[in-house]
Amino acid sequence: MSLKIYNTLTRQKEPFVPIKEQEVLMYSCGPTVYNYIHIGNARTFVMADIIRRYLEYSGYKVKFVMNITDIDDKIINEAKDKDLDFSDVTQLYTEGFFEDIAKLGMRMPDAVPRVTEHLDEIINLVQTLILKGYAYESEGSVYYDVGKFAGYGKLSGKNIDDLMSGARVEVNEKKKSPLDFVLWKAVKPGEPSWESLWGNGRPGWHIECSAMCMNHLADQIDIHCGGSDLVFPHHENEIAQSEAATGKLFSKYWIHCGFLNIDNEKMSKSLGNFWLARDVLKKFRPEAVRIFFLQKHYASPLSYSEDNLRDAENAHKRLEMIFNKVQQALDLKETLGGSVGTVAINPDVEQFSKDLDRLEKEFHEAMDDDFNTAAAMGKIFEIFNGLSKITSPKLLNDFSLYVLKRTRDLILEWNEFLGFLNLSKPENVSKKYEKIVDLLLDIRMDLRKRKEWTLSDKIRDGLNEIGIAIEDSPDGTKWKLK
RNA sequence: GGCGACGUAGCCAAGUGGUAAGGCAGGGCUCUGCAAAAGCCCCAUCAACAGUUCGACUCUGUUCGUCGCCUCCA
C-alpha cells in the first residue's frame, strides 16, 4: 500500500504523488512571534515534523520550510505594552520558539525564513498582483481584489456570495469590497515600516507566506500545512495571491491539523485558555507529550488535560522500561562475547516473531493511511506487549536475540519520526551520589540478611522520600530516580 | 443564517457491511519478609429511533447532543 493523504482542497483522501518523483516540497505556516507557543500550536508543529520525517523514511527527499512571522499587529501591540522595540519582542520569542521545538524533539526545518528579511520579495509579489490586475492601491495601502480571482473559496468551500451575506468583516472605505484583504498596509505613526512603491508601510498578513514559499521552495509545492483555523482566510488568501501571480496551482496537497481543545473549547490565545508549551514541558516529559498527540489522528480535535497527559506519561514509562529490558538483553550478548546457549526455539519467541511480521506490515499501513499515528501507536504497544514476554534471560539464545535485535532496530527506525522514546543518555548523576546510594543499599542488604526489617525499611522509605525508588528483585536491588 | 466535523467501555482512542485495535485507570493471580516493580489473566456491542440488507456499530433518513470555520488565531 502506498501513502494516502487527506487533501483539504479536494476533501478526500488521495494517493500521494509528488510533482517531481521522489522529491517533496513542503511548507508549514509557523508562529507569529509575539508570545511563546502554546501546546496547541505545538501539536500542529509536531505533526508537521512527523509528516516530514515519515516522508523521508518513506524514501522521499523532502525540503521543508517553516516561516516565522515577525511583523504584525500583535507584535506591535506587545512591543508597545512592554515599551520595547518590536524586534526585541520577535527576537525573544523566536529564540523561545526554537527552544520549544527542540525540546519537543522536532528537527529544524531546512529553512526558517522571516518576513522582515523578505520585504523585497513581498513588494515584488504585490507589484506583480497589481500589474496583473488582481490588486489595487488605495491611500498607500494595497488590497487584493477578491472578485477578480475565479477560484476564490475553493479551499474552504465558501463562495463569495455567502461570505458577503454573512459578512462580519469590518467596513473599510478604502476597500472596493469588504472581502478584499490587505496586501500592503500604509504606515501608521509610531509603527515600524519599510519603503515601497506605495509609500512606507508593512506587509499584510497572508502575503508573506506566498512570497517566502515561492522564494524558498517554488511556485508550485507538494504539501502546505497548518492548523485548521488557517483554512480560511489565511490559506484561501495564499492560494488567491500565489495562483493569481503565477497562473499555476500553488500547492497540490493541503493538510490541516485539528485543534487542541481545553474544557471542550478550542485552546487559543485570544480566549486566554492556553498553556504554553514550555510550561507543559515542565510538568511532562516531551515523549509523553508526543505520545499524547500521537494517540489521536492529527486532523481530529484533541482534548488537553493533565489527566490525559499523565496517562500518556504512564504509557511512555512502560514503553521505556520494556525497551530498556530489550537493550539489556542485547548488551548481555555482547558481554558474553556472542555465545549464548543454543536452547531449542521457544514457542513464545517464535509466535512473537510471526506477530512481528504482521504488526510491521500493519504499522506501515496505518502510517500510509493519512498518517494514522493512533492506529500505528496501537501496533507499537502490541509489539511492546509481545516483547515484554520474551526478554526473560532464560529465553536468551541465538534465535531470540536475533528476534530482539530485529525488533529493536525496527523500533529505532520508527522512533526516528514518531519520537516516543528518548534515546539520549540519561542525565548524569554524579559518581559520588551514586556511590552513596549504593553504600546505603549495601548496608540495607546486610540488614535484610539479618531480618532487621525496621531499619532496612527505614532506608528504603528515606530514599523514597528524596525521590529514589527501590526495587528488590531476584537479581539484587535496583534503584532509579522517580 | 451558510459551511463542516464529531458522538465507540470509568477516562483517552483506532477501526469496520459479517458480530469491536491500543493506552490509562480498575479487579484477580504469581513473585515477595513487607513494599515496589514486573509478569499473567479479566474488563464495551459502538448517542437514540426508523429504514436498506441474509447481516450494520459501519450505508440512508430523522432526532438529541457537542464542537469548529465564516473576525485575530496552529
Side-chain angles (χ1 to χ4, degrees), chain A residues 8 11 28-32 34 37-48 72-74 77 153 156-159 161-170 178-179 205 225-234 236 256-261 264-271 274 277 291-292 294-297 299-303 305 307-319 321-322 325 359 362 366 369 372-385 388-389 391-392 448 451-454 456-457 460-461 464 469-474 477-480 482:
Chain A
T8 308
R11 285 148 197 275
S28 171
C29 290
T32 299
Y34 68 106
I37 60 167
H38 68 233
I39 192 69
N41 301 135
R43 181 189 187 198
T44 303
F45 299 140
V46 166
M47 292 315 294
D72 95 330
D73 290 347
K74 295 189 290 294
N77 291 337
S156 54
K158 301 184 185 308
N159 64 61
D161 293 341
D162 288 346
L163 286 168
M164 285 297 283
S165 64
R168 288 198 270 166
V169 196
E170 62 176 309
L179 300 183
W205 184 44
C225 51
S228 295
D229 45 359
L230 296 184
V231 174
F232 189 90
H234 186 57
E236 194 68 63
H256 291 98
C257 188
F259 301 128
L260 195 65
N261 291 152
N264 213 16
E265 233 183 359
K266 174 184 171 183
M267 181 183 288
S268 85
K269 286 181 183 162
S270 49
L271 290 173
F274 60 90
I291 288 171
F292 169 63
L294 288 167
Q295 282 192 293
K296 183 138 187 182
H297 183 79
S300 304
L302 172 63
S303 290
S305 77
D307 283 349
N308 292 158
L309 262 300
R310 185 72 58 201
D311 289 352
E313 188 151 273
N314 286 340
H316 170 257
K317 284 177 183 167
R318 182 147 175 281
L319 292 181
M321 185 274 300
I322 295 170
K325 271 174 31 179
L359 290 165
E362 290 175 352
D369 183 16
N372 190 341
T373 56
M377 283 309 292
K379 304 306 166 194
I380 286 176
F381 281 109
E382 283 194 66
I383 289 173
F384 273 74
N385 286 339
S388 70
K389 294 177 191 172
T391 51
S392 160
R448 290 182 69 213
K451 298 194 190 296
E452 296 198 30
W453 309 124
T454 314
S456 72
D457 287 354
R460 181 175 67 199
D461 297 343
N464 198 47
I470 305 298
E471 290 163 24
D472 294 320
S473 78
T477 299
K478 293 173 192 157
W479 63 276
K480 64 181 177 187
K482 282 199 288 191

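Just so you know, these numbers come straight off a predicted model, no measurement behind them. Just so it is clear: chains get the letters A, B, ... in the order the sequence lines come, proteins before strands, and each one is counted from 1.
- Ion pairing of Asp472(A) with Lys478(A) is absent here, as no side-chain N (NZ or NE/NH1/NH2) approaches a carboxylate O to less than 4.0 Å.
- Between the NZ atom of Lys158(A) and the P atom of rC3(B) there is a distance of 10 Å, given to the nearest Å.
- For Asn261(A), there are no side-chain hydrogen bond (donor to acceptor under 3.5 Å, both in side chains) partners at least two apart in sequence or on another chain.
- Remark: His316(A) engages no residue in a ring-ring contact (aromatic ring centres under 6.0 Å, His included) (not counting sequence neighbours).
- Spacing between atom CG of Leu271(A) and atom P of rC67(B) amounts to 13 Å, rounded to whole angstrom units.
- Among the atoms of the strands shown, none is found under 4.0 Å from any heavy atom of Lys478(A).
- Between the P atom of rG26(B) and the CG atom of Asp307(A) lies a distance of 12 Å, rounded to the nearest Å.
- Residues passing the side-chain hydrogen bond (donor to acceptor under 3.5 Å, both in side chains) test with Arg318(A) are Asn385(A), sequence neighbours excluded.
- Atom-to-atom, NE2 of His256(A) to P of rC70(B) comes out at 13 Å; the value is rounded to the nearest Å.
- Closest contact between the side chain of Glu382(A) and the listed nucleotides rG22(B), rC70(B), rA74(B) involves rG22(B).
- Because its NZ or CZ atom is both nearer than 6.0 Å to the ring centre of Tyr34(A) and within 45° of the ring axis, Lys269(A) counts as a cation-pi partner of that residue.
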N/O-N/O pairs, protein side and nucleotides 14-16 of chain B side, under 3.5 Å:
{"from": "rA14(B)", "atom 1": "OP1", "to": "His297(A)", "atom 2": "N", "distance (Å)": "3.1"}
{"from": "rA14(B)", "atom 1": "O3'", "to": "Asn372(A)", "atom 2": "ND2", "distance (Å)": "2.9"}
{"from": "rG15(B)", "atom 1": "OP1", "to": "Asn372(A)", "atom 2": "ND2", "distance (Å)": "2.7"}

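- Here the nucleotide nearest the side chain of Phe259(A), chosen from rC72(B), rC24(B), rC69(B), is rC69(B).
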task = Could you encode protein contacts along nucleotides 31-44 of chain B as a string, one character per nucleotide from 5' to 3', using B for base contact, S for sugar-phosphate-only contact and - for no contact, with a heavy-atom cut-off of under 4.0 Å?
result = --BBBBSSSS----

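- Between Asn264(A) atom CG and rC11(B) atom P the separation is 14 Å, expressed in whole Å.
- Rounded to an integer number of Å, the gap from CG of Leu302(A) to P of rC11(B) is 16 Å.
- Residues satisfying the side-chain hydrogen bond (donor to acceptor under 3.5 Å, both in side chains) criterion with His256(A), sequence neighbours excluded, are Thr8(A), His235(A).
- Nucleotide rA47(B) has rU63(B) as its partner under the Watson-Crick or G-U criteria, with both atom distances under 3.5 Å.
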